[in-house]
Chemist: 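Before I ask anything, let me first share the structure, which is written out below as C-alpha cells.
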Amino acid sequence: MIRVGIVGVTGYTGGELIRILIKHPKVKITGLFSRSAYNKPSAEVFPQFASKLNLICDKPDADIISDKCDLVFLALPHTASMDIAAGLIKSGVRVIDLSADYRIKDLKVYSKFYAVRHKDGGGVKKAVYGLAELFPKEIKKAQLVANPGCYPTAAILSLAPLVSLGIADLSMIVIDAKSGVSGAGKKKAQEFSLSDAKDDFKAYKVGMHQHMPEINQELSRLAGKKVSVTFVPHLLPVYRGILETIYLKKRKKHAGKDIIGIYKKFYRGKPFVRIKNKGEFPSIKDVVNTNFCDIGIKDSGGSIIIVSAIDNLIKGASGQAVENMNIMCGFPETSGLI
Ligand SMILES: NC(=O)c1ccc[n+]([C@@H]2O[C@H](COP(=O)([O-])OP(=O)(O)OC[C@H]3O[C@@H](n4cnc5c(N)ncnc54)[C@H](OP(=O)(O)O)[C@@H]3O)[C@@H](O)[C@H]2O)c1
C-alpha cells in the first residue's frame with residue numbers, strides 16, 4: 001500500500017480523485033489538503049464518501065504533506081502548483097501535478113499563455129509529460145509528472161500515430177474542439193452555469209487558447225520537427241466531456257495506407273484507447289465517467305478526419321493522473337480505473 005494525498009481537494013478534479021482512489025486496491029488516501037476546508041472532517045466536506053473516508057482536511061503545507069504521503073496529486077490552479085511542488089520534490093515525495101505549471105518546457109511560452117513568470121524552472125526541466133500511452137518509460141522513473149491538459153490529451157492521442165510515423169502533412173492540422181462546462185473548474189463553471197450555456201454553443205479563445213502551445217510542443221516532439229496546429233475550442237452545453245474533430249491531409253506517398261489498421265497497431269496493448277471500426281465515430285456519452293479515449297477515423301485517401309472523445313475530468317485529468325501513478329508505482333495500468 002502506498003500513502004497518497006490530494007491537494008486542492010474541494011475542486012472538481014480533487015473530488016474525482018477521491019472517487020477513484022477510495023476504490024483503488026493498492027493505495028490508501030492518508031491526506032486531504034485544502035485551504036477552504038482546512039480542519040473540517042472529510043465526512044462533512046464529502047458526505048458521499050463518508051462510509052469510506054474518515055480524515056480531517058489538512059493545510060496544504062509541503063512539510064505536513066510529506067509526513068503523511070508517499071505520492072501526492074496537486075489538483076490546483078496553475079501558479080498554485082508551482083508554489084508547493086518544489087518543496088515536495090525536495091522532501092522526496094512523488095508528485096503528479098494536474099495543473100499546467102510543469103507542462104510547458106519553454107518558460108517564455110508559459111509566461112505568454114499563462115500571464116505569469118514561472119518560479120520553478122528547475123522543476124519544469126525535471127518534469128515528465130504524463131501522457132500515459134506515449135511516455136510510460138519516462139513516467140515510471142519520474143518524481144514529478146505534469147499531467148496533460150484535457151484538450152491536449154484528446155488531440156495528441158488522436159494525432160500521435162500520423163505525426164510520429166510521418167504520415168501527416170504537417171502544414172495544416174485543424175483541431176475543432178468542444179468541451180462541457182466542467183472543463184473550466186468549479187468556480188468558473190458555477191459562474192458560467194449550465195443554465196447559461198443551455199441553448200447556446202460558442203467558440204472562445206479562438207487561436208489563442210493556452211492548450212495550443214502544449215499540443216504544439218508534444219506533436220513537435222513526436223514529429224521531430226516544428227508542428228503548429230490551428231486549434232479552436234468551443235463551450236458545449238453539457239456538464240462533462242470533450243469531443244474533438246480533427247482535419248488534416250496525408251503526405252502523398254501514404255495515400256494508399258490502411259490508417260485504421262495503423263491506429264489499431266499503434267495502440268495495441270494500451271487499455272484506454274479504443275479505435276473504432278470503419279464508419280463508426282465516438283460520442284461523448286460513450287466515454288463519460290470512464291478513462292477511455294475513443295477515436296474514429298474517416299480516411300478519404302488524401303485527407304483524414306479524426307473524431308475523438310474523452311471525459312475531461314477523468315481521461316483528461318484525474319483518471320489519467322491515477323494511470324500515471326499506476327505506471328510510476330509498477331501497478332497494473334488499469335488498477336482502480338476499470
Ligand atoms: N476541470 C477539468 O476538466 C480539468 C482537466 C484537466 C486539468 N485540469 C486542471 O486541474 C487543476 C484543477 O482543476 P479543477 O477543475 O479541479 O479546478 P477547481 O474546481 O477550480 O479546483 C481547484 C482547487 O484548488 C484550490 N485553490 C483554488 N485557488 C487556489 C489558490 N489560489 N491557491 C491554492 N489553492 C487554490 C481550491 O481547493 P481547496 O479550497 O480545497 O484548497 C479549489 O477547489 C487546474 O489546474 C486545471 O486547469 C482541469
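Counting starts at 1 for both ligands and their atoms, following the listed order. Side chains included, hydrogens not; waters and symmetry mates left out as well; all remaining heavy atoms used.
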Chemist: Parallel, tilted or perpendicular: which one describes the rings of Y263 and Y267, with boundaries at 30° and 60°?
Modeler: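 Correct class here is tilted.
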Chemist: For K105, look at atom NZ and say whether over 12 heavy atoms of other residues, nucleotides or ligands are found less than 6.0 Å away.
Modeler: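 It does: K105 NZ has more than 12 such atoms within range.
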Chemist: Which residue owns the protein heavy atom closest to atom 12 (C) of ligand 1, what's the atom, and how far is it?
Modeler: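 For this ligand atom, the closest protein heavy atom is T13 OG1, 3.4 Å.
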Chemist: When you measure from atom 29 (C) of ligand 1 to every protein heavy atom, which one gives the shortest distance, and what is it?
Modeler: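 Its nearest protein heavy-atom neighbour is R35 NH2, 3.4 Å.
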Chemist: Considering residues, nucleotides and ligands other than K249, do more than 12 of their heavy atoms fall under 6.0 Å from its NZ?
Modeler: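 Atom NZ in K249 is not crowded, with 12 or fewer foreign heavy atoms closer than 6.0 Å.
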Chemist: To check your reading of the model: name the closest protein heavy atom to atom 37 (O) of ligand 1, its residue, and the distance in Å.
Modeler: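 Atom 37 (O) of ligand 1 sits closest to the protein heavy atom T10 OG1, 3.2 Å.
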Chemist: What is the nearest protein non-hydrogen atom to atom 40 (O) of ligand 1, stated with its residue, atom name and distance?
Modeler: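 Minimum-distance protein heavy atom for atom 40 (O) of ligand 1 reads S34 OG, 2.6 Å.
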Chemist: Any idea which part of S99 is under 4.0 Å from ligand 1, heavy-atom wise: side chain, backbone, both or neither?
Modeler: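 Both backbone and side chain.
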Chemist: Under 4.0 Å from any heavy atom of A317, which atoms of ligand 1 are there?
Modeler: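 In order of number, 5 (C), 6 (C).
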Chemist: Counting only nitrogen or oxygen atoms and a 3.5 angstrom limit, does L76 reach ligand 1?
Modeler: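 Yes; at least one N/O pair falls below 3.5 Å.
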Chemist: Starting from the C-alpha separation in whole Å, work towards a yes-or-no answer on side chain to side chain contact (heavy atoms under 4.5 Å, CB included) for S335 and M325.
Modeler: CA-CA 10 Å; S335 274; M325 176 194 74; over 6 Å; no
Chemist: Using the rule given for side chain to side chain contact (heavy atoms under 4.5 Å, CB included), can you reason through R19 versus F46, listing the C-alpha separation, both sets of side-chain angles and the distance that settles it, and then say yes or no?
Modeler: CA-CA 10 Å; R19 196 179 57 75; F46 304 104; over 6 Å; no
Chemist: Counting heavy atoms only, which of G11, P77, G14 comes nearest to atom 24 (O) of ligand 1?
Modeler: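 Of the listed residues, P77 has the closest heavy atom.
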Chemist: Looking only at protein heavy atoms, which one is nearest to atom 10 (O) of ligand 1, and how far off is it?
Modeler: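 Ranked first by proximity to atom 10 (O) of ligand 1 is L98 O, 3.3 Å.
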Chemist: Which atoms of ligand 1 have any heavy atom of G8 under 4.0 Å away?
Modeler: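 Selected atoms, number and element: 23 (C), 24 (O), 37 (O), 38 (P), 40 (O), 41 (O).
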Chemist: Go through the steps to decide whether V307 and I295 satisfy the test side chain to side chain contact (heavy atoms under 4.5 Å, CB included), and finish with yes or no.
Modeler: CA-CA 6 Å; V307 181; I295 300 176; over 6 Å; no
Chemist: For ligand 1, which atoms, with element, lie under 4.0 Å from some heavy atom of A80?
Modeler: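 With A80 as reference, the close atoms of ligand 1 come out as 32 (N), 33 (C).
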Chemist: Under 4.0 Å from atom 47 (O) of ligand 1, is there any protein heavy atom?
Modeler: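 Within 4.0 Å: no protein heavy atom nearby.
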Chemist: Can you report which non-hydrogen protein atom sits closest to atom 19 (O) of ligand 1, along with the distance?
Modeler: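 Protein heavy atom with the smallest distance to atom 19 (O) of ligand 1: K186 N, 2.7 Å.
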Chemist: Looking at M328, is its backbone amide N or carbonyl O close enough to the side chain of R94 to form a donor-acceptor pair, meaning the two atoms are under 3.5 Å apart?
Modeler: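 It does hold such a pair.
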Chemist: Within less than 4.0 angstrom of ligand 1, does G316 place any heavy atom?
Modeler: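 Within the 4.0 Å threshold, so yes.
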Chemist: Check whether the ring centres of H211 and F231 lie less than 6.0 Å apart, and answer yes or no.
Modeler: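 Between F231 and H211, which both carry aromatic rings, the centre distance is not below 6.0 Å.
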Chemist: Check ligand 1 against L313 and write out every atom of the ligand that is under 4.0 Å from a heavy-atom position of the residue.
Modeler: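 The atoms of ligand 1 under 4.0 Å from a heavy atom of L313 are 1 (N), 2 (C), 3 (O).
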Chemist: At what distance is the nearest protein heavy atom to atom 3 (O) of ligand 1, and which residue and atom is it?
Modeler: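 Here the nearest protein heavy atom works out to N312 ND2, 2.8 Å.
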Chemist: Kindly check if the number of other-residue, nucleotide or ligand heavy atoms within 6.0 Å of CG (D200) is above 12?
Modeler: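 Counting other residues, nucleotides and ligands, CG of D200 exceeds 12 neighbours.
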Chemist: Without hydrogens or angle criteria, can the side chains of S81 and D97 be said to hold a donor-acceptor pair below 3.5 Å?
Modeler: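 Result is yes, a qualifying pair exists.
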Chemist: Are the charged groups of E323 and K315 less than 4.0 angstrom apart, N to O?
Modeler: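 Result for this pair is yes, salt bridge flagged.
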Chemist: Would you mind listing which atoms of ligand 1 come within a distance below 4.0 Å of any non-hydrogen atom of V9?
Modeler: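 Result: 40 (O).
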Chemist: Which residue and atom name correspond to the protein heavy atom nearest atom 15 (O) of ligand 1, and how close is it?
Modeler: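 The answer is G185 CA, 3.2 Å.
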Chemist: Counting heavy atoms only, which part of S182 comes closer than 4.0 Å to ligand 1: side chain, backbone, both or neither?
Modeler: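 It is the backbone that gets close, since no side chain atom is under 4.0 Å.
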Chemist: Check each atom of ligand 1 against the heavy atoms of A75 and keep those under 4.0 Å away; list them by number with element.
Modeler: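 Those of ligand 1 that fall under 4.0 Å from A75 are 12 (C), 22 (C), 23 (C), 24 (O).
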Chemist: Fit a plane to each ring of Y204 and Y151, take the angle between them on a 0 to 90° scale, and name the class: parallel (under 30°), tilted (30 to 60°) or perpendicular (over 60°).
Modeler: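 Tilted.
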